[in-house]
Amino acid sequence: MHNLRDVTLRVPHGRLTAVTGVSGSGKSTLVRAVLLPALRQALGLVQETPPGEHAGLDGVTGLRRAVEIDQSPIGRTPRSVPATYIDIWNPIRALLAGTQEARTRGYEPTRFSFNTPGGRCETCEGNGSSVAEMSFLPDVIVPCETCRGARFDESTLAVRWRGLDAGALLDLDVSSAIRVFESVPKVRRPLELLADLGLGYLRLGQPSHTLSGGEAQRLKLVSELSKAAGAGPTLYVLDEPTTGLHRDDVSRLIEVLQRFVDRGDSVVVIEHHPDLIGAADWVVDLGPEGGAGGGRIVAVGSPADIAASGSHTGRALAAQGDTAQEPAPISRRARQRATSPS
């Protein structure tokens with residue numbers, strides 16, 4: 001654990017906060033090893049590891065949850081797919097069960113589950129694929145020879161909603177599915193969020209274990225945004241979510257993070273990307289250097305305050321402002337007023 005130098009971290013409620021600094025300056029230690037576990041502990045939530053050493057924690061009142069949205073896998077089996085993770089497969093199953101063909105056959109929504117027997121292909125047990133063992137080579141995953149990847153038996157696939165059976169619906173990519181489910185808000189809205197995050201190419205039935213860390217993280221964002229408002233005010237922590245993203249996708253990510261803020265949540269992002277830092281309401285900059293030369297909070301304030309501070313992050317932000325052809329996106333709250341941690 002990085003040796004933090006008697007720092008006092010202030011995070012404003014209901015704002016987007018960026019924690020910045022050079023590599024090794026103590027960002028992850030401060031946020032992920034101290035703030036997040038200490039807050040979860042104070043809220044009475046399950047916490048596997050105790051928080052790092054700290055003198056105290058104030059300002060918890062008003063928060064109900066503290067969640068890290070990381071890049072860990074969201075599923076390890078072929079039966080875990082984006083459609084089930086963002087909870088749109090249940091309403092889709094209800095649509096299939098509501099068709100005239102399904103009612104005539106007496107099919108309930110459970111018939112269209114690939115996780116339980118009754119309508120799934122039993123050759124592959126709803127996986128849609130099988131593993132071919134290769135001598136001296138890695139195993140090869142091939143489509144199921146019975147259902148050819150559709151996951152369901154022939155009788156189940158005889159039921160179609162708007163001309164598409166359950167297997168074909170799972171094979172839709174997000175962008176295509178938005179058009180198909182245009183009149184079904186429960187399905188369309190989460191799909192639009194995925195598209196907003198640049199995931200329009202994902203198939204609804206793509207096995208979750210084949211997703212990249214960044215794709216998994218963005219699916220988690222959509223899942224959290226889709227939760228009912230009854231979940232209560234939440235503090236979300238993300239560690240460098242812009243890694244590997246094109247600048248256009250970073251802009252989309254900023255807009256989605258702002259949706260959390262607009263509904264009353266607090267977002268803390270450990271970040272290096274100048275566009276996201278420039279869009280934050282509040283910035284906490286650590287340094288002045290990395291390793292033994294880090295562990296201190298060297299500047300706090302708005303992105304403009306940090307740019308004027310002379311820190312490594314400040315100089316990078318200032319240079320970004322001098323050379324950018326277009327201004328970095330600024331959050332709506334940041335446009336409206338100067339921010340403070342109170």
Side-chain angles (χ1 to χ4, degrees), residues 7-20 27-28 30-32 34-45 47 51 54 56-70 189-190 193 196-197 217-218 220-242 250-271 273 275-286 297 299-306 313 317 328-342:
V7 301
T8 299
L9 173 66
R10 294 183 175 88
V11 176
H13 284 283
R15 308 284 180 86
L16 171 59
T17 297
V19 178
T20 63
K27 304 183 296 297
S28 292
L30 181 59
V31 175
R32 300 179 64 203
V34 180
L35 173 64
L36 180 63
L39 182 54
R40 289 186 60 84
Q41 189 177 76
L43 293 172
L45 304 173
Q47 177 59 38
H54 63 287
L57 180 68
D58 297 321
V60 176
T61 303
L63 287 174
R64 292 184 59 183
R65 299 192 305 149
V67 176
E68 180 175 14
I69 302 180
D70 59 18
R189 288 170 184 160
L193 285 173
D196 287 345
L197 285 168
Q217 186 177 46
R218 283 177 277 171
K220 293 176 185 179
L221 281 171
V222 170
S223 177
E224 285 292 328
L225 267 179
S226 300
K227 289 184 184 297
T234 301
L235 182 138
Y236 291 100
V237 168
L238 296 90
D239 191 351
E240 299 198 359
T242 62
V250 173
S251 297
R252 295 189 185 103
L253 173 65
I254 292 168
E255 286 298 314
V256 170
L257 293 179
Q258 188 62 43
R259 297 186 194 187
F260 286 98
V261 174
D262 289 343
R263 74 177 190 182
D265 294 321
S266 307
V267 181
V268 177
V269 181
I270 302 167
E271 193 50 71
H273 199 290
D275 284 1
L276 200 156
I277 298 170
D281 300 304
W282 190 251
V283 183
V284 179
D285 193 29
L286 271 68
I297 294 178
V300 295
S302 68
D305 294 332
I306 304 302
T313 302
L317 283 178
I330 303 297
S331 72
R332 278 162 276 181
R333 291 179 182 268
R335 291 192 192 102
Q336 291 169 357
R337 62 183 182 274
T339 59
S340 73
S342 57

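Side chain of His13 to backbone of Gly59: a donor-acceptor contact under 3.5 angstrom is found. Using modelled atom types, one side-chain atom of Arg263 and one backbone atom of Leu225 make a donor-acceptor pair closer than 3.5 Å. Panel note: side chain Asp281, backbone Leu16; a donor-acceptor pair is recorded below 3.5 Å. Between the side chain of Asp305 and the main chain of Ser302, a donor-acceptor pair closer than 3.5 Å is present. Between the side chain of His273 and the main chain of Asp275, a donor-acceptor pair closer than 3.5 Å is present.
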Could you please spell out the steps behind the side chain to side chain contact (heavy atoms under 4.5 Å, CB included) verdict for Leu253 and Thr242?
-> CA-CA 8 Å; Leu253 173 65; Thr242 62; 3.9 Å; yes
Give the intermediate values and the outcome of side chain to side chain contact (heavy atoms under 4.5 Å, CB included) for residues Val31 and Val269.
-> CA-CA 9 Å; Val31 175; Val269 181; over 6 Å; no
Under the side chain to side chain contact (heavy atoms under 4.5 Å, CB included) criterion, do Leu235 and Asp265 qualify, and how do the steps go?
-> CA-CA 6 Å; Leu235 182 138; Asp265 294 321; over 6 Å; no
Hey, mind stepping through Asp196 and Arg259 against salt bridge (Lys or Arg N to Asp or Glu O under 4.0 Å) and telling me if it holds?
-> CA-CA 12 Å; Asp196 287 345; Arg259 297 186 194 187; 2.6 Å; yes
Verdict with supporting geometry, Phe260 and Leu221, side chain to side chain contact (heavy atoms under 4.5 Å, CB included) = CA-CA 9 Å; Phe260 286 98; Leu221 281 171; 3.6 Å; yes
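Annotation: side chain to side chain donor-acceptor pair (under 3.5 Å) contacts of Ser266 (sequence neighbours excluded): none. Here Gln41 pairs with nothing under the side chain to side chain donor-acceptor pair (under 3.5 Å) rule; sequence neighbours left out. With sequence neighbours excluded, the residues satisfying side chain to side chain contact (heavy atoms under 4.5 Å, CB included) with Leu57 are Leu35, Ala38, Leu39, Ala42, Val60. Scanning for salt bridge (charged side-chain N to carboxylate O under 4.0 Å, His left out) contacts around Asp285 gives an empty result, with sequence neighbours left out. Taking the side chain to side chain donor-acceptor pair (under 3.5 Å) definition, one finds that Thr234 meets it with Arg65, sequence neighbours left out. Remark: Arg32 pairs with Glu68, Asp239 by the salt bridge (charged side-chain N to carboxylate O under 4.0 Å, His left out) rule, at least two apart or across chains.
Looking at every heavy atom in both residues, Leu36 comes nearest to Val67 through CD1-N, 4.2 Å. Here the closest heavy-atom approach between residue Ile277 and residue Glu271 is recorded as CD1-O, 4.0 Å. Closest heavy-atom contact between Lys220 and Asp70: NZ-OD1, 2.6 Å. Shortest non-hydrogen contact noted between Ile254 and Leu276 is CD1-CA, 3.8 Å. Closest approach of Ile69 and Glu224 over heavy atoms only: CD1-CG, 4.1 Å. For Ala66 against Leu45, the heavy-atom pair with the smallest separation is N-CD1, 3.8 Å.
Between the CD atom of Glu255 and the CG atom of Asp262 there is a distance of 9.0 Å, given to the nearest 0.5 Å. The CD1 atom of Ile270 sits 8.5 Å away from atom CG of Leu30, with the distance rounded to the nearest 0.5 Å. Here the CZ atom belonging to Arg10 is positioned 13.0 Å from the OG1 atom belonging to Thr17, to the nearest 0.5 angstrom.
Using a 4.5 Å heavy-atom threshold, the side chains of Val11 and Trp282 count as separate.
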